[in-house]
Protein chains: 2
Amino acid sequence: MHTSVTEENYLKAIFALSNGNLQAANNQQIADKLSINPASVSDMLRKLSERGLIAYHRKTGALLSEEGMQVAAKTIRKHRLWETFLVQQLNFTWDEVHEVAEQLEHIDSEKLIQEMDKLLGYPKFDPHGDPIPDGNGQLPKYHPIALSNAGIQKIYILCGITNHSSAFLQFLDTFSLGIGSTVQITGFQPFDRSMSVLLNQTTSTVFSFTVCSNLLVMQ
Amino acid sequence: MHTSVTEENYLKAIFALSNGNLQAANNQQIADKLSINPASVSDMLRKLSERGLIAYHRKTGALLSEEGMQVAAKTIRKHRLWETFLVQQLNFTWDEVHEVAEQLEHIDSEKLIQEMDKLLGYPKFDPHGDPIPDGNGQLPKYHPIALSNAGIQKIYILCGITNHSSAFLQFLDTFSLGIGSTVQITGFQPFDRSMSVLLNQTTSTVFSFTVCSNLLVMQ
DNA sequence: TTTAAAATTTAGGCAAACCTAAATTTTAAA
DNA sequence: TTTAAAATTTAGGTTTGCCTAAATTTTAAA
């Protein structure tokens, strides 16, 4: 199925707003996200629905169909692979990649994206730590490990904690650290098993072994 | 000045048809080249003319203005850099690159193209042997040398000959070799100064020193 | 339960780029 | 030089995707 740039942007927005197609996205949310007038969104939702890419009802909102999901995942896959390429090979910074990736994600070439994937070594996460869907639109499996068991230099996503005390939560809060934050391990001190970490690609600090063993991360 | 994908395609077509802005391109030629109805071309030529990107008159045809030339050169620069990238780094073959480069050439990011240029080592010619305009839209200078003085492994463009005998011309003809053909030097035999060459990226053969000294090539 | 506010849709338009069919202009042959 | 053919333009339409303003529907407060 051929999809226009506009359609792909709507599907991507619905994917994001629906939190991976869990809760339906309504007109207003989509209009806000895309900075498009609700009347126009109404039009497009009807069209996407007629094309079988979403299920939509004005009261309940929009969810992606099987096919819509495929398109969205493919577009996100391209976006994140391009971001990875721009940062790793073209010296783009974190904040520069998005605008360009928004354009590149709509380039239509199966070979291009396969070769790009290969060139980058089949990455599972982009430089922001967001997961890259595979060629079938599947997100990488969720395999949490304690940060204390994680490998040096790698970038992880915080996906859970094993200590729910308010003291610990407050501690995390002082670093603006939450589920989905990225944690890159930049160093390890064997004598106390503490780790130097880079949080959200911005804040450098050191976490004790106690902290590290209470943070669940995935690749 | 912002230009649409469509406008860029028209300017590129006019550049190509006008042979680098030497002889004006007429409606019909542009319509054929872009597979667009002459009536539509008429509309667009008026628009481009109003925007100051071309000089157009129905009798004399279209030529690029200074500004139109800049846009065309920039688009061609992007196209050829992308082709080079696709072939060199993403294992695309000669015939696969065009379709994708047609899309990529319209991506708008100064940094992207600068970094791509750097990544590729500031190439002057693309894999087809076509010259890549520099950041200011200038084509590389024409510096012909005898093939016998050229460097191994490099790709050259045949740009002239110093022997115009029909025997020599016929000889070239058997290899479909003409001005604009590419010649890559794949080997050099010092004992007779003969060269192994790859012609037009397809035909492998060996040229004697005599042949090599009568072929003018440029980088 | 009524009613006001908020969300959504409908109606009517616009711009970009394309089209076909019908002029009109240019070129070239008789 | 006339005239027919070819090239080009104009006129009137289409589709996509957006807009504003005016309904309409839904939600939530009184």
Side-chain angles (χ1 to χ4, degrees), chain A residues 1-15 17-18 23-64 67-68 71-72 75 102-103 105-108, chain B residues 1-15 17-18 23-64 67-68 71-72 75 102-103 105-108:
Chain A
M1 157 155 329
H2 171 259
T3 44
S4 71
V5 168
T6 306
E7 288 170 331
E8 287 172 9
N9 284 334
Y10 272 85
L11 295 173
K12 213 165 43 110
I14 294 168
F15 180 88
L17 291 167
S18 68
Q23 64 252 53
N26 63 32
N27 182 317
Q28 200 174 30
Q29 292 173 308
I30 298 167
D32 281 358
K33 177 119 190 161
L34 298 176
S35 300
I36 290 172
N37 187 293
S40 308
V41 172
S42 228
D43 280 354
M44 184 54 85
L45 292 179
R46 184 167 26 71
K47 185 182 156 194
L48 290 172
S49 183
E50 278 166 6
R51 294 198 62 188
L53 291 164
I54 64 171
Y56 178 65
H57 187 275
R58 54 164 149 237
K59 282 182 74 163
T60 53
L63 280 174
L64 300 171
E67 194 159 13
V71 175
T75 307
E102 285 289 302
Q103 297 179 61
E105 72 187 2
H106 303 292
I107 301 292
D108 181 26
Chain B
M1 159 157 326
H2 170 260
T3 43
S4 71
V5 168
T6 306
E7 287 170 332
E8 287 172 9
N9 285 333
Y10 272 85
L11 295 174
K12 213 166 40 111
I14 293 167
F15 180 88
L17 290 167
S18 68
Q23 63 253 51
N26 63 31
N27 181 317
Q28 199 174 30
Q29 293 173 306
I30 298 167
D32 280 358
K33 177 117 189 163
L34 297 176
S35 300
I36 288 172
N37 188 292
S40 309
V41 171
S42 227
D43 280 353
M44 183 55 86
L45 292 180
R46 184 166 28 71
K47 184 182 156 194
L48 290 172
S49 183
E50 280 167 4
R51 294 199 61 189
L53 292 163
I54 64 171
Y56 178 65
H57 187 277
R58 54 165 151 237
K59 282 181 75 164
T60 54
L63 280 174
L64 300 173
E67 194 159 12
V71 175
T75 308
E102 284 290 303
Q103 296 180 61
E105 72 188 2
H106 302 293
I107 300 293
D108 179 26

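Predicted, not measured: the structure shown is a model, and the values here were computed from it. The chains referred to below are lettered A, B, ... by the order of the sequence lines, with proteins before strands, and numbering in each begins at 1.
To the nearest 0.5 Å, atom OG1 of residue B/Thr6 and atom CG of residue B/Leu34 are 9.5 Å apart. Atom CG of B/Leu48 and atom CD1 of B/Ile30 lie 8.5 Å apart (nearest 0.5 Å). Put simply, CG on B/Leu17 and CD on B/Gln28 are 11.5 Å apart, with the number rounded to the nearest 0.5 Å. Interatomic distance, A/Ile107 CD1 to A/Thr75 OG1, rounded to the nearest 0.5 Å: 12.0 Å.
When the side-chain nitrogen and oxygen atoms of B/Asn26 are compared with OP1 and OP2 of D/dA7, none of them lie within a distance under 4.0 Å. For the pair B/Ser40 and C/dA17, the criterion of a side-chain N or O lying under 4.0 Å from OP1 or OP2 is not met. When the side-chain nitrogen and oxygen atoms of B/Ser4 are compared with OP1 and OP2 of C/dA17, one or more of them lie within a distance under 4.0 Å. Residue A/Ser42 places none of its side-chain N or O atoms closer than 4.0 Å to OP1 or OP2 of C/dT10.
Residue B/Arg46 has its side chain nearest to D/dT10 when only D/dT10, C/dT9, D/dT9 are considered. Minimum atom distance to the side chain of B/Ala39 is reached by C/dT20, of the listed D/dT16, C/dT20, C/dA11. Taking only side-chain atoms of A/Asp43, from C-beta outward, the nucleotide of C/dT8, C/dA21, D/dC18 with the closest atom is D/dC18.
As rounded to whole Å, 8 Å separates atom C1' of C/dA17 from atom OH of B/Tyr10. Atom pair B/Gln28:CD and C/dT27:P shows a separation of 13 Å (rounding to whole Å applied). B/Lys47 has its NZ atom 4 Å from the P atom of C/dA17, to the nearest Å. Residue B/Met44 contributes atom CE, which lies 11 Å from atom P of C/dC19 at whole-angstrom precision. Across the protein-nucleic acid pair, A/Asn9 atom CG and D/dT16 atom P stand 17 Å apart, rounded to whole Å. A straight line from CG of A/Asn27 to C1' of D/dT24 spans 14 Å, rounded to a whole angstrom. The interatomic distance linking B/Leu48 (CG) with C/dA16 (P) rounds to 12 Å, in whole Å. One atom, CG of A/Leu34, and another, C1' of D/dC19, lie 16 Å apart when rounded to the nearest Å.
In plain terms, the two heavy atoms of A/Ala72 and A/Leu64 that are nearest each other are CB-CD1, 4.0 Å.
Across all strands, A/Thr6 comes closer than 4.0 Å only to sugar-phosphate atoms, never to a base (heavy-atom distances).
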Would B/Lys33 and B/Lys12 satisfy side-chain contact (heavy atoms from CB on, under 4.5 Å), going step by step from the backbone distance to the final call?
CA-CA 10 Å; B/Lys33 177 117 189 163; B/Lys12 213 166 40 111; over 6 Å; no
Start with the C-alpha gap between B/Arg58 and B/Leu45, add the side-chain angles, then the distance that decides, and say whether side-chain contact (heavy atoms from CB on, under 4.5 Å) holds.
CA-CA 9 Å; B/Arg58 54 165 151 237; B/Leu45 292 180; over 6 Å; no
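Taken residue by residue, residues 52-59 of chain B places heavy atoms nearer than 4.0 Å to DNA chain C at B/Arg58, B/Lys59.
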Intra- and inter-strand pairing of DNA chain C, written as dot-bracket with Watson-Crick and G-U pairs under 3.5 Å and | for the latter, reads ||||||||||||||||||||||||||||||
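If you find the closest nucleotide of DNA chain D to A/Glu7 and to A/Asn37, the one lying nearer the 5' end belongs to A/Glu7.
No option in A/Val71, A/Ile36, A/Ile54 other than A/Ile36 meets the side-chain contact (heavy atoms from CB on, under 4.5 Å) test with A/Tyr10.
Here the side chain of B/Glu67 pairs no donor or acceptor atom with the backbone of B/Gly52 at under 3.5 angstrom.
Side-chain contact between A/Glu102 and A/Glu105: present, with at least one pair of heavy atoms (C-beta onward) separated by less than 4.5 Å.
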